[in-house]
Amino acid sequence: EEMLRVFQLQKHSQWKLKNMSAEERIELLNKLKETLELYRDEIDEALWQDLGRPKTSHEVNGVLEDLRYTTEHLPQWMSRDVHQYTHPQMPSASYYVQYEPKGVTLLMGAWNAPINLIFAPLIALLSAGNTVIVKPSSQAKHCSKIVTKVIRQTFTEDQVAVFEGPSTIAGELQKMPFDHV
């Protein structure tokens with residue numbers, strides 16, 4: 001019931017994110033950047049506990065670089081891409097390409113890259129104007145906890161929600177009518 005409630009909440013608010021300006025989306029991504037920087041040491045510790053990875057912040061640095069690149073280019077990506085139609089019978093015609101968000105999306109984490117394979121796609125999904133429900137991998141328990149902490153501290157559940165737990169939760173989520181998985 002909780003999953004359905006959150007899904008319907010996001011379905012209802014998907015238009016709010018879709019209509020956000022580039023500046024508003026960048027503000028949302030900058031909040032994520034601040035939270036990731038705040039929990040950098042806890043993320044490194046979780047990666048050490050789950051996967052035995054050295055506490056070097058390489059994964060966090062990669063995500064922060066994705067955030068920097070995305071916020072730098074987002075206004076351009078959101079603008080219309082206007083083209084002239086060069087057919088001889090219609091010399092002055094033009095068309096444009098306007099990218100649109102998918103809607104309510106499901107993001108499933110992987111055990112072998114439990115930080116990067118949550119936050120890198122999350123950055124892309126949010127910058128495109130989608131709402132997101134995240135299911136971290138249950139095989140990386142410590143990383144799942146810190147991912148949940150970061151998401152819940154950064155976003156409202158009508159923007160990004162997270163469901164931790166066993167793979168049965170992933171199965172239940174996959175039964176829902178997401179616009180994109």
Quiz item: Counting only N and O atoms by type, is there a donor-acceptor contact under 3.5 Å from the side chain of Glu24 to the main-chain atoms of Ser21?
Solution: yes
Quiz item: Looking only at heavy atoms, what is the nearest atom pair of Leu17 and Arg25, with distance?
Solution: O-NH2, 3.4 Å
Practice problem: To the nearest 0.5 Å, tell me how far Ile123 CD1 sits from Glu65 CD. | Solution: 10.0 Å
Self-check item: Steps toward side chain to side chain contact (heavy atoms under 4.5 Å, CB included) verdict (His180, Asn130)
Solution: CA-CA 9 Å; His180 189 75; Asn130 297 291; over 6 Å; no
Exercise. Taking the side chain as every heavy atom from C-beta outward, state whether Leu47 and Ile115 have any atom pair closer than 4.5 Å.
Key: yes
Exercise. Compare every heavy atom of Ser167 with every heavy atom of Ser138, then report the nearest pair and how far apart it is.
Key: OG-N, 4.0 Å
Quiz item: Crowded around Trp15 CH2? As in, over 12 foreign heavy atoms under 6.0 Å?
Solution: no
Practice problem: Report yes if some heavy atom in the side chain of Asp179 is under 4.5 Å from a heavy atom in the side chain of Thr105; otherwise report no. | Solution: no
Quiz item: Can you tell if the side chain of Thr154 reaches within under 4.5 Å of the side chain of Leu36, non-hydrogen atoms only?
Solution: no
Quiz item: Take atom CD in Glu27; do more than 12 heavy atoms of anything else shown fall under 6.0 Å from it?
Solution: no
Quiz item: Are Leu125 and Phe119 co-members of a hydrophobic cluster defined by side-chain heavy atoms under 4.5 Å apart?
Solution: yes
Quiz item: Between Glu45 and Gln49, does any side-chain donor sit less than 3.5 Å from a side-chain acceptor?
Solution: yes
Exercise. Would you please say whether a donor-acceptor pair under 3.5 Å links the side chains of Glu164 and Ser144?
Key: yes
Quiz item: Going by an N to O cut-off under 4.0 Å, is there a salt bridge joining Arg5 and Glu157?
Solution: yes
Quiz prompt | hydrophobic_cluster_shared for Phe155 and Val104, side chain cutoff 4.5 Å | solution = no
Quiz item: Between Leu51 and Pro114, which heavy-atom pair has the shortest distance, and what is it?
Solution: CD1-CD, 3.6 Å
Quiz item: Under a single-linkage definition using a 4.5 Å side-chain heavy-atom cutoff for Ile, Leu, Val, Met, Phe, Trp and Tyr, are Met108 and Leu126 assigned to the same hydrophobic cluster?
Solution: no
Practice problem: Provide the closest heavy-atom pair for Thr71 versus Pro75 in the form atom of the first, atom of the second, distance. | Solution: O-CD, 3.8 Å
Quiz item: Quick one: CD on Glu172 to CD on Glu2, what's the gap to the nearest 0.5 Å?
Solution: 14.0 Å
Practice problem: Count the heavy atoms of every other residue, nucleotide or ligand shown that sit under 6.0 Å from NZ of Lys145, and state whether that count exceeds 12. | Solution: no
Quiz prompt | Non-hydrogen side-chain atoms of Pro101 and Lys18 separated by less than 4.5 Å | solution = yes
Quiz item: Can we say Lys31 and Glu34 salt-bridge, meaning some charged N sits less than 4.0 Å from an Asp/Glu carboxylate O?
Solution: no
Quiz prompt | Derivation of the side chain to side chain contact (heavy atoms under 4.5 Å, CB included) call for Lys149 and Tyr39 | solution = CA-CA 9 Å; Lys149 187 176 186 178; Tyr39 291 112; 3.4 Å; yes
Quiz prompt | Heavy-atom closest pair, residues Ile118 and Pro136 | solution = CD1-CA, 4.2 Å
Self-check item: Heavy-atom side-chain proximity of Ile133 to Val162 below 4.5 angstrom
Solution: no
Quiz item: Does any non-hydrogen side-chain atom of Ile26 lie less than 4.5 Å from one of Thr70?
Solution: no
Quiz item: So which heavy atom on Ala110 is nearest to which on Ser137, and how close?
Solution: C-CB, 3.7 Å
Practice problem: Check whether any side-chain heavy atom of Leu107 sits under 4.5 Å from a side-chain heavy atom of Lys135, and report yes or no. | Solution: no
Quiz item: Parallel under 30°, tilted from 30 to 60°, perpendicular over 60°: which one fits the rings of His73 and Tyr69?
Solution: tilted
Quiz item: Are Met20 and Leu32 co-members of a hydrophobic cluster defined by side-chain heavy atoms under 4.5 Å apart?
Solution: yes
Self-check item: Distance, nearest 0.5 Å, that separates CG of Asp66 from NZ of Lys33
Solution: 13.5 Å
Quiz item: Which value, rounded to the nearest 0.5 Å, describes the distance between Leu67 atom CG and Leu29 atom CG?
Solution: 6.0 Å
Quiz item: When rounded to the nearest 0.5 angstrom, what is the spacing between OG in Ser127 and CG in Leu74?
Solution: 5.5 Å
Quiz item: Honestly curious: do Ile43 and Trp48 fall in one hydrophobic cluster under the side-chain, below-4.5 Å linking rule?
Solution: no
Quiz item: Taking NZ, NE, NH1 and NH2 as the nitrogens, is one of them in Arg53 or Asp44 under 4.0 Å from a carboxylate oxygen of the other?
Solution: no
Quiz item: Do Val6 and Phe163 come close enough that some side-chain heavy atom pair is under 4.5 Å?
Solution: yes
Practice problem: Decide whether Gln159 and Thr156 meet the rule of one side-chain donor and one side-chain acceptor closer than 3.5 Å. | Solution: yes
Quiz prompt | Carboxylate-amine/guanidinium contact Asp41 Lys55, below 4.0 Å | solution = no
Quiz prompt | Residue that, paired with Thr131, satisfies side-chain hydrogen bond (donor to acceptor under 3.5 Å, both in side chains) out of Gln10, Lys102, His12, Lys16 | solution = Gln10
Exercise. Look up atom CD in Gln14 and atom CG in Asn19, then write down how far apart they are to the nearest 0.5 Å.
Key: 10.5 Å
